[in-house]
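Whatever order the structure lists them in is the order used to number ligands and atoms, beginning at 1. Heavy atoms only: backbone and side chains are in, while hydrogens, waters and symmetry mates are out. Counting from 1, the numbers follow the sequence of the chain as shown.
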Amino acid sequence: MNANETLENTKKLLKKHNQSHLLTFWGQLGTAERRNLLAQIRQLDLAKIDGWVANFVKKSFSTEINADLVPAQSYSYAPDEPGQKRKYDKAVKLGKELILAGKVAALVVAGGQGTRLGFDGPKGDFPISPVKKKTLFQIFAENIKAVSERYQTSCPWYIMTSPLNYTETKKIFRVNNYYGLKKSDVFIFQQGTLPNFSFDGKILLADKANIASSPDGHGGCLKALCESGAVDDMKKRGIELLSYWQVDNPLVNIFDPLFIGLHVLDQAEMSSKALIKARPKEKVGNFCLADSKVAVIEYSDFPDKLAKRQNPDGSLLFQLGSIAIHIISVRFIKRLNAEGISLPLHRAVKKIPFIDEQGRFINPDEPNGIKLETFIFDALPLASKSIILQTLRSEEFAPTKNKTGVDSVKTTRQMMIARAADWLESAGVVIPRKADGSADCTIEIAPSFALTKEDIKAKLNQIPQIKPKDEIYLA
Ligand code: UD1
């Protein structure tokens, strides 16, 4: 088929699916631009897009809330009776054996930019730690390094970026010499993208030769792990489990033997950590059971009346909040890919810069279009079995999402200091405190010094006396 026939066919197809405007500027494009635009158009499944336009773009489709949603059950943070204590001990032992055997790898989703943070760069490169201003990437790398040294095993790290920050993220790791990790143990890959739409269902053009698109949501990692060769790499290494978290949370306990062990003991395919929500409308996903399957309903989709419903003791009925920490079995990822992954789409009304039909570049002040995403937690109901383990906010959840206010740089640093102070105090170290009970000093504990609270006791002789306003770094 010659170029002309290809173009004619493409024109016919676009006309059939009401997207002919994508070739408005064809006459003004050079050969390479034409080839590039045709390649982008060929990537589009226009028939599928018709469905998206009807169901997600033109219609403010909100996640259908299952009428008989009930609260999900979870394992408590600490065992609450002897039988459970025995199971937790067995799980911890199994979890440690699996880490030691090199069957567990780390997976961080880092496709988001630091926009909300006002940080111009991959969020992972944001300097967050209270004393040394280590970046999020550095903190995770040091955690992984400390685990692999402790277990004398390699703990590969898979890092999902988006096309927007892939090159920059690769450069950051190169320049920082992979933060002391083996280069071969760091696998950086890209997630896919989805086209952006105007409210009337037209695919937007970013410029005369390029379709406007954006990262396909962290649900896109399931496909990207396969398409990027990461799953093949795991196969070669004998990796069976992935410890998943978001780049915005520096307190994550990446290799948690209890969580790993419970996931495997219960033969789960995808499991989650949860915390008790601080308030009904806290901006976290809500765990529930839908048709007896564990599911997460995002805070933006969760009906107020359900969010506010209480138990007789006044606690929230739907009290389990998702902190985007999961264990995912590699066989589950393979199964979903083999079956053809179709996670539900979520729409977001956004300001999307575009080229209008007169060829003018428009940078809107108001939301003018729709971005579509898939969410990783929508894979939970597809798992044959899924468990939830509660954790403590103070121990494991201090996301950096906003410049100021809740989940901000300031709150994250305060929580990092608070956890460090709590760890030291639990080992008998005296911590100077302010009248409000917060630590009256700045403390940072490197993963090389302690990965968990229990590690402090053995290092008491390395901890200086701490005076008010002191800045302490333990490594
Ligand atoms: C997210 C969860 C929410 C959870 C909360 C915990 C979603 C939709 N909601 O909310 O249920 O309770 O975190 O902190 O995720 N990302 C990518 N690629 C993408 C989109 C996002 O890698 O295409 C990564 C980002 O780097 C970011 C993370 O996913 O770290 C979260 O994304 P975001 O959309 O900001 O969700 P939240 O509102 O933070």
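- Shown in contact with Gly285 at under 4.0 Å from a heavy atom are these atoms of ligand 1, numbered in order with element: 3 (C), 4 (C), 11 (O), 12 (O).
- Atoms of ligand 1 found under 4.0 Å from any heavy atom of Val247 (numbered from 1 in listed order, with element): 26 (O), 30 (O).
- Within ligand 1, counting atoms from 1 as listed, the ones closer than 4.0 Å to a heavy atom of Phe375 are 8 (C).
- Using a 4.0 Å cut-off between a side-chain N of Lys or Arg and a carboxylate O of Asp or Glu, Asp185 and Arg237 qualify as a salt bridge.
- Evaluated by nearest non-hydrogen atom to atom 15 (O) of ligand 1, the leading choice among Lys277, Lys123, Met160, His218 is His218.
- The shortest N/O to N/O separation between Ala324 and ligand 1 does not fall below 3.5 Å.
- Using a cutoff of 4.0 Å between basic side-chain nitrogens and carboxylate oxygens, Asp125 and Lys171 are not scored as salt-bridged.
- Under 4.0 angstrom from ligand 1, the non-hydrogen atoms of Ala110 all belong to its backbone.
- With 3.5 Å as the limit, one finds no donor-acceptor pair spanning the side chains of Glu298 and Ser300.
- Between Arg116, His346, Gln246, Gln191, it is Gln246 that holds the heavy atom closest to atom 31 (C) of ligand 1.
- Checked for salt-bridge contact, Arg150 and Asp455 meet the test: a charged N lies under 4.0 Å from a carboxylate O.
- Residue contact check: Val284 has heavy atoms under 4.0 Å from atoms 12 (O) of ligand 1.
- Checked against the 6.0 Å centroid criterion, the rings of Phe302 and Phe318 qualify as a close aromatic pair.
- Within ligand 1, counting atoms from 1 as listed, the ones closer than 4.0 Å to a heavy atom of Glu373 are 20 (C), 23 (O).
- Ion pair Glu396/Lys273 flagged as a salt bridge, since at least one NZ, NE, NH1 or NH2 atom sits closer than 4.0 Å to an Asp/Glu carboxylate oxygen.
- The closest approach between any non-hydrogen atom of Gly217 and ligand 1 is below 4.0 Å.
- With Ser329 as reference, His263 is the one residue of Gln267, Glu240, Glu269, His263 to meet the side chain to side chain donor-acceptor pair (under 3.5 Å) rule.
- Within ligand 1, counting atoms from 1 as listed, the ones closer than 4.0 Å to a heavy atom of Phe397 are 6 (C), 14 (O).
- Partner of Phe173 under the ring-ring contact (aromatic ring centres under 6.0 Å, His included) criterion, out of Phe140, Phe187, Tyr166, Trp157: Trp157 alone.
- Counting the atoms of ligand 1 from 1 in the order shown, those under 4.0 Å from a heavy atom of Ser322 are 4 (C), 6 (C), 12 (O).
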